[in-house]
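Excluded from the calculations below are hydrogen atoms, water molecules and symmetry mates; all remaining heavy atoms, backbone and side chain alike, are included.
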Amino acid sequence: MSENPFNFAGKVALVTGGGRGIGRATALLFARYGAKVVIGDIDPAGVATVDMIKQERGEALFVQTDVREASDVKNLVAAAVKTYGGLHCAFNNAGVLPTGGLLADVEEAAFDQVVAVDLKGAFLSMKYEIEYMLGAGGGAIVNNASIAGMIADPGISAYVAAKHGVIGLSKAAALEYASQGIRINALAPGLVETAMTKPWFDDPNIRSAFLANSPIGRVAQPEEMAGMVLFLCSDFASFAVGQTFVIDGGYTAH
């Protein structure tokens with residue numbers, strides 16, 4: 001273990017979905033600990049994240065990326081390597097929430113959209129990150145799943161299916177590449193207050209139902225997820241492989 005395992009100086013970190021929310025908070029934290037950060041997002045708000053990092057004298061690059069498209073993801077990884085000379089850590093965070101509705105009422109196109117971004121996007125991201133890391137001596141990857149990847153709630157069947165898939169994909173890939181120096185784990189946040197989850201927060205029934213089952217009695221902030229991502233990408237977590245780390249204020253503990 002290095003003298004300061006939480007020092008990311010000289011390392012390159014890639015964050016998908018880094019334009020807002022958990023992705024932005026994680027990109028900022030990586031930069032504060034010395035990493036050069038590459039942000040991939042379909043949302044041009046990724047430019048603002050880069051500006052925030054540069055205002056703190058960090059180094060960052062934004063590459064507009066649709067994680068549903070293999071060519072976009074391949075280009076994102078290539079841009080990281082070309083600009084900063086490598087890729088050591090990746091947080092595959094890009095995702096969308098489903099439209100509400102019971103399974104029989106869900107439109108096929110809506111189901112496809114959630115699976116394409118949340119599950120296929122994680123697959124494509126890992127595919128090209130691993131492809132590079134195999135020739136570079138290894139790396140660490142964290143995939144953003146959800147507690148919906150471990151339990152289920154009504155009205156979000158596509159999201160539950162996709163996030164269960166992310167956890168399964170993370171486990172399988174971890175077993176395939178651990179011996180080659182690539183550590184892969186998943187993060188399972190509870191309800192986090194972001195622009196994406198605002199529709200849920202604005203629904204008093206959803207908000208009250210969640211808080212009624214939350215031992216900590218509140219929702220999380222994006223910064224409370226970012227620290228775990230950095231931990232999992234650091235030497236502190238050198239023996240963590242193929243696991244799902246739940247950060248949910250105790251929601252799934254009962």
[atom1]-[atom2] distance between [X] and [Y], expressed to the nearest 0.5 angstrom:
| X | Y | atom1 | atom2 | result |
| --- | --- | --- | --- | --- |
| Leu14 | His88 | CG | NE2 | 12.5 Å |
| Leu61 | Tyr84 | CG | OH | 5.5 Å |
| Met126 | Glu176 | CE | CD | 9.0 Å |
| Arg207 | Glu193 | CZ | CD | 6.0 Å |
| Ile147 | Ile247 | CD1 | CD1 | 11.5 Å |
| Ile151 | Lys163 | CD1 | NZ | 14.0 Å |

If you compare all heavy atoms of [X] against all heavy atoms of [Y], which two are closest, and at what distance to 0.1 Å?
| X | Y | result |
| --- | --- | --- |
| Gly95 | Asp118 | CA-OD1, 3.0 Å |
| Ser125 | Asn92 | CB-OD1, 3.2 Å |
| Pro98 | Ile156 | CG-CG2, 3.8 Å |
| Pro215 | Gly249 | CD-O, 3.5 Å |
| Ala145 | Pro189 | O-CD, 3.8 Å |
| Pro199 | Met196 | CD-O, 3.3 Å |

Quick check: do [X] and [Y] have side-chain heavy atoms less than 4.5 Å from each other?
| X | Y | result |
| --- | --- | --- |
| Leu29 | Glu223 | no |
| Val117 | Val67 | yes |
| Ile53 | Val37 | yes |
| Ile22 | Asn144 | yes |
| Thr244 | Ser170 | no |
| Met150 | Thr252 | no |
| Val160 | Asp153 | no |
| Ile182 | Leu134 | yes |

(request) With side-chain contact (heavy atoms from CB on, under 4.5 Å) as the test, would you mind laying out the steps for Ile141 and Met133 before giving the verdict? (result) CA-CA 10 Å; Ile141 296 172; Met133 289 176 177; 4.0 Å; yes

Test your reading of the model: is there a side-chain donor-acceptor pair from [X] to the backbone of [Y], 3.5 Å cut-off?
| X | Y | answer |
| --- | --- | --- |
| Asp41 | Gly19 | yes |
| Thr83 | Ala80 | no |
| Asn93 | Gly17 | yes |
| His254 | Asn213 | yes |
| Ser214 | Leu211 | no |
| Thr65 | Val63 | yes |
| Asn185 | Ala240 | yes |

With a 4.5 Å cut-off on side-chain heavy-atom distances among I, L, V, M, F, W and Y, is there a chain of contacts connecting [X] to [Y]?
| X | Y | answer |
| --- | --- | --- |
| Ile42 | Ile39 | no |
| Ile216 | Met225 | no |
| Leu175 | Ile184 | no |
| Val241 | Ile130 | no |

(request) For the pair Leu232 and Phe91, evaluate side-chain contact (heavy atoms from CB on, under 4.5 Å) and give the outcome as yes or no after the intermediate values. (result) CA-CA 10 Å; Leu232 291 173; Phe91 179 39; over 6 Å; no

(message) Listing request: all side chain to side chain donor-acceptor pair (under 3.5 Å) pairs with a residue in residues 10-30, at least two apart in sequence or in separate chains.
(response)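 Sorted pair list: Arg20-Asp43, Arg24-Thr49.
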
Throw together a table of side-chain donor-acceptor distances under 3.5 angstrom for residues 102-115, partners on residues two or more places apart or in other chains.
| from | atom 1 | to | atom 2 | distance (Å) |
| --- | --- | --- | --- | --- |
| Gln113 | OE1 | Arg68 | NH1 | 2.9 |

(message) Can you confirm whether or not the ring centre of Tyr33 sits under 6.0 Å from the ring centre of Phe6?
(response)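 They qualify: ring centres under 6.0 Å apart.
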
(request) May I ask you to check whether over 12 heavy atoms, not counting those of Phe245, lie within 6.0 Å of atom CZ? (result)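 Correct, the count exceeds 12.
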
(message) In terms of relative ring orientation, are Phe8 and Phe30 parallel, tilted or perpendicular, with 30° and 60° separating the classes?
(response)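 Rings of Phe8 and Phe30: perpendicular, as their planes differ by over 60°.
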
